[in-house]
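Got a structure for you, written out below as structure tokens; questions coming shortly.
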There are 2 protein chains.
Amino acid sequence: MTERVVPPAARRRRRPTKQGVVLSEELIVATALRLIEEHGADALSVRRLGRALGADPSSLYRYFRHTDDLMLAIADELIGRTLRTWNPTGDWRADLRELGLRMHAGALAHPRAAVLSSYRVTGRVHEIEAVEAILGVLRGAGFPDAEAVRIYHAFVDQTLAFGALDSASTALPGPARAAEASVWRATYARLPAGTHPNIAATARHLVADMPRSSYPAALELLLEAAEARLTACQRRPVAE
Amino acid sequence: MTERVVPPAARRRRRPTKQGVVLSEELIVATALRLIEEHGADALSVRRLGRALGADPSSLYRYFRHTDDLMLAIADELIGRTLRTWNPTGDWRADLRELGLRMHAGALAHPRAAVLSSYRVTGRVHEIEAVEAILGVLRGAGFPDAEAVRIYHAFVDQTLAFGALDSASTALPGPARAAEASVWRATYARLPAGTHPNIAATARHLVADMPRSSYPAALELLLEAAEARLTACQRRPVAE
DNA sequence: CTCAACAGGTCAACGCTGTTGTCATAAGGT
DNA sequence: ACCTTATGACAACAGCGTTGACCTGTTGAG
């Protein structure tokens, strides 16, 4: 088969579909995001997307080689949107905290897309910008290269992983979600101290803490550990 | 439609399939796990599972209402297996590290089940046992109750989140997964220092580090931060 | 020892999915 | 104004989860 997809730069003939829509990579991604948000992750299929766009499903294969390509484009768009609203101040810890919380919030704002795209490495422009920026913050703070990459990796994966996890629970169908929320009060808080001493002793804290996301706390722990390593590095510098 | 699924307790007539197999919930779950292990996550479909069992696909609907039900049964089995092989030694840091790595490995071994079950609070026996055990480790180490719950929450969510994240990437269809692995070498490592100085400077480390899971590193960071907090608490005890 | 009830296996069909080979046509460069 | 070809449309394929209807072997009661 001859290559079906034409690189965006080479596209010139903007021929409308039967229903009068002029397709483009941007329009397709935007429509996909809208579909996901409005009707759930399951609503995203090539056929439904085609219908929503007013085009034949097979037309999309002129823009994306397969559905996976489309997912990567969606993921990159999400990264771009988040990055655009972030302006670092120079304080590495504050900057990373801010970016982490922003990415997490961004994921929660598009739960279904976040779940689908969190685990992809896109290699696209927005992602590259993000990598460059975060590495810049860490190296600027004085982390040696190897350590900077290690912290970067843990930071990014932690943020994406929690984003997907928390998105997944907010995306649960209504009743199931309510049931989950009450388990801590209804089940755990009632366990007798005799059989479950540790749960019983901390029940109050569990009920208060567990229904909320632990991402902020986990992020803080990561930043604390990173700072400790930084001072350790600076006290006794390592050869790279 | 009258209810198709009969509760396991009520099952009595063990009628063999045409190919002579006697079905059961246990056999179905075991076969599903075997399928996933032997032929990858994509190999698990109702039809393939039926074929592997020597039964008509629709027979499975006598045991599970839908595929999700089956996935949850598989997940429950996994939790059980993981807990059963963990025996704490008394060293809180080593014990948490061991449990975290075990849970993560368990998730990776059965990616599909992990992705589906990571964000659910079941409130079932195995889960309760795990909560009690982890809280016991932390409180035994000397963490005050509130801090113990905070650490527990971050620890568990981080483990589940990374388990799901890493599972999701291993569950990618073959070609997509290979593509991801090569992005760091093919795209990132080739960016010029002029436009992307930080990526260029750390390219070597990125290529080496990024294709691997960052969970072990993230876990270590969490444990380090926890230890720091513990010594801080012990130096200046807080009123609870 | 017989026999009716019914649990549980089977069959066929529905509508959905991603994907591709082929064809038609209008846009753009010349 | 023409010719090329980019790009949209169509039809078809195999595979998916799921369900309603049907058939049959097992079972416990009489």
Side-chain angles (χ1 to χ4, degrees), chain A residues 1-25 27-28 31-32 35-36 39-72 74 116, chain B residues 1-28 31-32 35 39-72 74 112 116 172-176:
Chain A
M1 189 191 70
T2 102
E3 187 48 73
R4 212 157 191 158
V5 176
V6 171
R11 290 190 174 274
R12 335 181 79 128
R13 308 197 179 174
R14 321 277 43 208
R15 177 183 180 179
T17 71
K18 261 194 169 175
Q19 304 187 31
V21 185
V22 174
L23 294 180
S24 71
E25 201 173 308
L27 179 62
I28 295 176
T31 306
L35 256 189
I36 293 176
H39 302 100
D42 294 345
L44 187 63
S45 76
V46 178
R47 300 175 118 93
R48 260 200 274 256
L49 182 51
R51 221 178 299 138
L53 280 162
D56 189 89
S58 66
S59 299
L60 305 185
Y61 286 85
R62 301 276 181 208
Y63 295 83
F64 302 96
R65 281 209 292 283
H66 29 247
T67 355
D68 212 61
D69 259 25
L70 174 60
M71 288 313 310
L72 291 184
I74 293 174
L116 286 181
Chain B
M1 191 191 67
T2 101
E3 187 48 75
R4 209 156 194 156
V5 177
V6 171
R11 289 189 176 273
R12 335 181 79 127
R13 310 199 177 173
R14 321 279 42 212
R15 175 184 181 179
T17 71
K18 262 192 169 176
Q19 304 187 30
V21 185
V22 175
L23 294 179
S24 71
E25 201 173 308
E26 294 76 26
L27 179 63
I28 295 175
T31 306
L35 258 187
H39 302 99
D42 294 345
L44 187 62
S45 76
V46 178
R47 299 175 120 93
R48 263 200 271 255
L49 183 52
R51 223 177 297 139
L53 280 162
D56 190 271
S58 65
S59 299
L60 305 185
Y61 287 85
R62 301 273 183 211
Y63 295 82
F64 302 96
R65 281 210 291 283
H66 32 247
T67 2
D68 242 42
D69 258 24
L70 174 60
M71 294 310 306
L72 286 183
I74 293 173
R112 294 256 291 222
L116 275 182
L172 281 175

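Atoms considered below: every heavy atom in the structure, side chains included; atoms not considered: hydrogens, waters and symmetry mates. Being a predicted model, the structure only gives us computed values, none of them experimental.
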Taking all non-hydrogen atoms of both residues, which atom of B:Leu23 and which atom of B:Ser59 are closest, and how far apart?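 So the minimum-distance heavy-atom pair works out to CD1-CB, 4.0 Å.
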
Set of residues satisfying side-chain contact (heavy atoms from CB on, under 4.5 Å) with respect to A:Ser24, sequence neighbours excluded: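 In terms of side-chain contact (heavy atoms from CB on, under 4.5 Å), with neighbours along the sequence ignored, A:Ser24 is linked to A:Arg14, A:Glu26, A:Leu27.
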
So, OP1 or OP2 of C:dT25: does either fall under 4.0 Å of a side-chain N or O from A:Lys18?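 Negative; the distance criterion is not met.
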
Would you compute the distance between atom CG of A:Asp69 and atom CG of A:Leu60 and round it to the nearest 0.5 angstrom?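 Going from CG on A:Asp69 over to CG on A:Leu60, the span is 12.0 Å.
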
For the student: nearest non-hydrogen atoms of A:Tyr63 and A:Glu25, plus distance: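 Between these two residues, the closest heavy atoms are CD2-N, 3.9 Å.
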
Qualifying residues under side-chain contact (heavy atoms from CB on, under 4.5 Å), relative to A:Met71, sequence neighbours excluded: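 Testing A:Met71 for side-chain contact (heavy atoms from CB on, under 4.5 Å), a comparison that skips the adjacent residues, returns A:Leu44, A:Ile74, A:Leu116.
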
Nearest whole angstrom, please: distance from the P of C:dC11 to the CD of B:Gln19.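 In whole Å, C:dC11 P and B:Gln19 CD are 10 Å from each other.
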
How many whole angstroms separate atom CD1 of B:Ile28 from atom C1' of C:dG9?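 Rounded to the whole Å, the gap is 12 Å.
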
For DNA chain D, find the residues of residues 52-59 of chain A with a heavy-atom distance under 4.0 Å and give them by number; none if there aren't any.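 Within residues 52-59 of chain A, the residues near DNA chain D are A:Ala55, A:Asp56, A:Ser58, A:Ser59.
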
Among residues at least two apart in sequence or on other chains, which ones pass side-chain hydrogen bond (donor to acceptor under 3.5 Å, both in side chains) with B:Ser45?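 None.
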
Of all residues at least two apart in sequence or in a different chain, which pass the side-chain contact (heavy atoms from CB on, under 4.5 Å) check with A:Pro57?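 Partners of A:Pro57 by the side-chain contact (heavy atoms from CB on, under 4.5 Å) criterion, ordered by chain and then number, come out as A:Val46, A:Arg47.
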
Could you tell me how far apart B:Met71 (CE) and D:dT18 (C1') are, to the nearest whole angstrom?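 Checked: the CE to C1' distance equals 17 Å.
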
Closest heavy-atom pair and its distance - B:Gly54, B:Thr17: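 Closest pair (atom of B:Gly54, atom of B:Thr17, distance): O-OG1, 2.8 Å.
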
Gap between atoms CZ and C1', on B:Phe64 and D:dT19 respectively (whole Å):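 Atom CZ in B:Phe64 sits about 18 Å away from atom C1' in D:dT19.
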
How many whole angstroms separate atom OH of A:Tyr63 from atom P of D:dT7?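 The distance from OH of A:Tyr63 to P of D:dT7 comes to 6 Å, rounded to the nearest Å.
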
Return the value, rounded to whole Å, for the distance between atom CG of A:Leu23 and atom P of D:dA6.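 From A:Leu23 CG to D:dA6 P: 17 Å.
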
What N/O pairs connect the protein and nucleotides 12-17 of chain D at under 3.5 Å? Give each pair on its own line.
unit_1: D:dC16; atom_1: OP1; unit_2: B:Ser45; atom_2: OG; d: 3.2
unit_1: D:dG17; atom_1: OP1; unit_2: B:Val46; atom_2: N; d: 3.1
unit_1: D:dG17; atom_1: OP2; unit_2: B:Val46; atom_2: N; d: 2.9
unit_1: D:dG17; atom_1: OP2; unit_2: B:Arg47; atom_2: N; d: 3.4
unit_1: D:dG17; atom_1: N7; unit_2: B:Arg47; atom_2: NH1; d: 2.2
unit_1: D:dG17; atom_1: O6; unit_2: B:Arg47; atom_2: NH1; d: 3.0
unit_1: D:dG17; atom_1: O6; unit_2: B:Arg47; atom_2: NH2; d: 3.4

Report yes if the side chains of A:Leu49 and A:Thr31 come closer than 4.5 Å at any heavy-atom pair, otherwise no.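 Yes - at least one pair of side-chain heavy atoms lies under 4.5 Å apart.
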
Expressed in angstrom and rounded to an integer, what is the separation of A:Arg62 atom CZ from C:dT20 atom P?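 These atoms are roughly 12 Å apart.
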
